[in-house]
Amino acid sequence: MVTKNSYLLFLGINFLFVAGIDFLHIISYKGMGVFSGNDADLPTQLWIAARYLQSISFLIAPFMLRRTLNVHKVFSIYFAVTSFLLALIFGGYFPTCFIKGSGLTQFKIISEYMISLILLASLFMLRIHRADFDYNVYRLLSGSIILTIFAELSFTFYIDVYGFSNLLGHYFKLLSFYFVYKAIVVTSLMKPYDLLYRELKMREYDLVKKKESHEHLLETLGLVNKILRHDILNDLNIISLSVDNLKERMDERELDMSQKAVQHSLKLISEMKDFESLMYVREVKTIDLRLLVMEVSQEFPIHLNIHGKCSVKADSGLHSVIGNIIQNSIVHGKADMIDISMQEKDGFCELRISDNGSGIPDRVKGRVFEEGFKYGESGHTGIGLYIAKRIVERYGEISLEDNVPSGTTFILKFYFDDKADKETEEKNDDENGK
């Protein structure tokens with residue numbers, strides 16, 4: 001099982017190369033007889049190289065959290081860095097760390113303090129991100145870093161490589177490695193679900209917080225929208241009454257402009273009300289489509305021919321969709337007759353709204369559902385059909401075609417049961433992925 005926690009994976013790769021250098025450190029001691037002709041400086045140089053690699057990796061590791069780790073790239077970088085360090089050491093270019101008879105060099109002592117400071121910084125970074133770890137893993141990693149600091153400080157004042165402080169430092173180092181083993185190997189391999197559930201819990205918590213923030217924002221926007229609609233609507237009613245009283249004193253052009261402005265604002269308020277419905281995921285329920293169409297038709301001063309019947313799964317936003325299409329037919333298409341038919345077909349219910357108006361020009365048919373698109377002098381905000389499309393896409397699809405002999409036909413398809421659920425799920429996945 002592959003862990004999603006790139007912090008531990010990154011450290012695991014690091015310790016593979018650190019262990020390789022530490023192995024060379026062990027076999028490079030004079031008594032091992034592997035590297036003949038070398039004194040105690042070689043194992044000390046290897047030690048310093050391994051500790052720099054380890055401490056810097058601890059400092060970098062927190063930046064790997066919540067990222068997808070490119071294992072091959074990281075492995076290649078560590079291989080290159082390790083090879084470079086070994087080339088410096090065995091090529092005689094690495095600074096001297098130990099002089100027989102006098103003990104540690106300034107470079108070695110300063111390096112131990114530098115490594116300790118880097119480890120302290122990495123401990124601070126680990127504490128900042130402690131919420132991303134299981135408590136036991138965080139405790140083990142912190143303990144490993146602290147023990148490594150103690151080990152480095154023990155290696156700052158010995159003269160004999162076989163002395164007590166050197167031995168104590170190795171004990172600290174051995175114990176720190178054991179803590180890392182417990183944190184990485186035991187947790188990631190022997191108890192992988194502990195880590196996985198921790199990650200899932202954190203993601204669930206983030207999703208809940210985002211959902212709460214989103215709902216709060218929607219409530220605020222909805223309240224602002226209602227307040228604006230209420231206040232503007234009151235002002236428009238006053239303006240409308242005033243215009244009626246001034247009809248005899250205003251010329252025809254001024255009167256026409258005033259009425260158009262009022263109608264435009266009323267249309268905008270209506271569309272804002274429809275737009276508000278997009279902000280909420282409303283309950284989908286079974287709706288008698290014929291009854292809904294008859295209810296909407298009473299809002300318009302035009303004869304509607306209604307044929308067929310059908311029950312669909314939809315929400316309350318469907319009322320505004322049908323109303324918006326009928327209103328467009330009257331206002332934009334100048335229709336005086338609308339036929340509405342509905343029929344159950346294989347897997348879906350089809351609703352067709354056909355008018356005898358002027359129709360939609362071929363050059364704009366493909367854009368009528370775009371946000372902000374409008375055409376002709378009667379065009380308003382350009383969001384009416386865009387909102388209609390967004391609402392219908394929750395449980396079906398919408399399209400249009402030419403009516404015969406004239407006008408436009410809007411086609412709404414409402415899927416039944418499994419297909420509707422599948423379509424809705426796919427659309428929700430798409431929206432969440434954006």
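Position 1 is the first residue of the sequence, and the numbers go up from there.
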For the pair Asp402 and Asp362, evaluate side chain to side chain contact (heavy atoms under 4.5 Å, CB included) and give the outcome as yes or no after the intermediate values. CA-CA 9 Å; Asp402 288 334; Asp362 291 338; 4.2 Å; yes
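- Side-chain contact between Ile48 and Phe94 is present, with heavy atoms from C-beta onward closer than 4.5 Å.
- Residue Tyr178 places its OH atom among 12 or fewer non-hydrogen atoms of other residues, nucleotides or ligands, all under 6.0 Å distant.
- By the 30° and 60° cut-offs, the orientation of the rings of Phe348 relative to Tyr415 is perpendicular.
- With sequence neighbours excluded, no residue satisfies ring pair (Phe, Tyr, Trp, His ring centres under 6.0 Å) with Phe369.
- The ring pair (Phe, Tyr, Trp, His ring centres under 6.0 Å) check on His25 picks up Tyr29, Trp47, His170, with sequence neighbours excluded.
- Atom CE of Met114 has 12 or fewer neighbouring heavy atoms from other residues, nucleotides or ligands inside a 6.0 Å radius.
- For the atom pair OG of Ser144 and CG of Leu175, the computed distance is 8.5 Å after rounding to the nearest 0.5 Å.
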Between Thr105 and Thr44, does a side chain to side chain contact (heavy atoms under 4.5 Å, CB included) hold up when you go through it step by step? CA-CA 10 Å; Thr105 63; Thr44 309; over 6 Å; no
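- Listed by first and then second residue, the salt bridge (charged side-chain N to carboxylate O under 4.0 Å, His left out) pairs that reach into residues 68-77 come to none, sequence neighbours excluded.
- Checked against ring pair (Phe, Tyr, Trp, His ring centres under 6.0 Å), Phe150 has the following partners two or more places apart in sequence or in another chain: Phe172.
- With values rounded to the nearest 0.5 angstrom, Ser176 atom OG is found 10.0 Å from Ile145 atom CD1.
- Applying the ring pair (Phe, Tyr, Trp, His ring centres under 6.0 Å) criterion to Tyr78, with sequence neighbours excluded, gives Phe10, Phe17.
- What you find for Cys97 and Lys108 is that their closest heavy atoms are O-CB, 3.3 Å.
- The shortest side-chain heavy-atom distance between Ser320 and Ile391 falls under the 4.5 Å cut-off.
- Contact of the Ile27 side chain with the Phe35 side chain is registered, since non-hydrogen atoms from C-beta on lie closer than 4.5 Å.
- The backbone N or O of Ile338 lies less than 3.5 Å from no partner atom in the side chain of Asp355, so there is not a single donor-acceptor pair.
- Contact detail for Asp315 and Tyr395: the closest heavy-atom pair is OD1-OH, 3.1 Å.
- Considering only heavy atoms from C-beta on, Ile340 stays 4.5 Å or farther from His307 through its side chain.
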Distance-only check: which donor-acceptor pairs under 3.5 Å involve side-chain atoms of residues 115-122, not counting sequence neighbours?
unit_1, atom_1, unit_2, atom_2, d
Ser116, OG, Glu112, O, 2.9
Ser122, OG, Leu119, O, 2.6

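- Residues that satisfy the salt bridge (charged side-chain N to carboxylate O under 4.0 Å, His left out) test with Lys309, not counting sequence neighbours, are absent from this structure.
- Residues in residues 9-21 take part in these side chain to side chain donor-acceptor pair (under 3.5 Å) pairs, two or more places apart or across chains: Asn14-Ser57.
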Walk me through whether Gln327 and Ile330 qualify under side chain to side chain contact (heavy atoms under 4.5 Å, CB included). CA-CA 5 Å; Gln327 184 170 10; Ile330 299 172; 5.8 Å; no
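- From Met342, atom CE reaches atom CD1 of Ile353 across 8.5 Å, with rounding to the nearest 0.5 Å.
- The line from CG of Asn403 to CD1 of Ile360 is 11.5 Å long, rounded to the nearest 0.5 Å.
- Two residues are said to be in side-chain contact when any heavy atoms from C-beta on lie closer than 4.5 Å; Ile325 and Ile398 meet this criterion.
- Considering every non-hydrogen atom in both Phe58 and Val180, the closest pair reads CZ-CG2, 4.3 Å.
- Residues satisfying the salt bridge (charged side-chain N to carboxylate O under 4.0 Å, His left out) test with Glu344, not counting sequence neighbours, are none.
- Contact record, Leu85 with Ala49: CD1-O, 4.1 Å, taken as the closest heavy-atom pair.
- Within the 4.5 Å cutoff, side-chain heavy atoms of Ile322 are placed close to those of Leu351.
- Formation of a donor-acceptor pair under 3.5 Å by the Asn328 side chain with backbone atoms of Asn324 is found in this model.
- Annotation: salt bridge (charged side-chain N to carboxylate O under 4.0 Å, His left out) contacts of Arg127 (sequence neighbours excluded): none.
- Inter-residue side-chain proximity for Val312 and Leu412 is flagged as unmet; no heavy-atom pair is nearer than 4.5 Å.
- Partners of Asp339 by salt bridge (charged side-chain N to carboxylate O under 4.0 Å, His left out), not counting sequence neighbours: none found.
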Show every donor-acceptor pair shorter than 3.5 Å between a side-chain atom in residues 284-294 and any protein atom, with sequence neighbours excluded, or say none if there are none.
unit_1, atom_1, unit_2, atom_2, d
Thr286, OG1, Lys313, NZ, 3.2
Asp288, OD1, Arg290, N, 3.1
Asp288, OD1, Leu291, N, 3.3
Arg290, NH1, Gly308, O, 2.8

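- Remark: aromatic rings of Phe15 and Phe177 are close, center separation under 6.0 Å.
- When atom types are taken as modelled, the side chain of Glu152 and the backbone of Tyr113 share no donor-acceptor pair closer than 3.5 angstrom.
- A distance of 5.0 Å separates CG in Leu69 from CG in Leu9, rounded to the nearest 0.5 Å.
- Taking CG of Leu59 as the start and CG of Leu126 as the end, the distance is 11.5 Å to the nearest 0.5 Å.
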For Glu401 and Arg352: C-alpha separation, side-chain torsions, deciding distance, then whether side chain to side chain contact (heavy atoms under 4.5 Å, CB included) applies. CA-CA 10 Å; Glu401 62 183 31; Arg352 301 175 70 90; 2.5 Å; yes
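- Within the 4.5 Å cutoff, no side-chain heavy atoms of Phe107 are placed close to those of Thr96.
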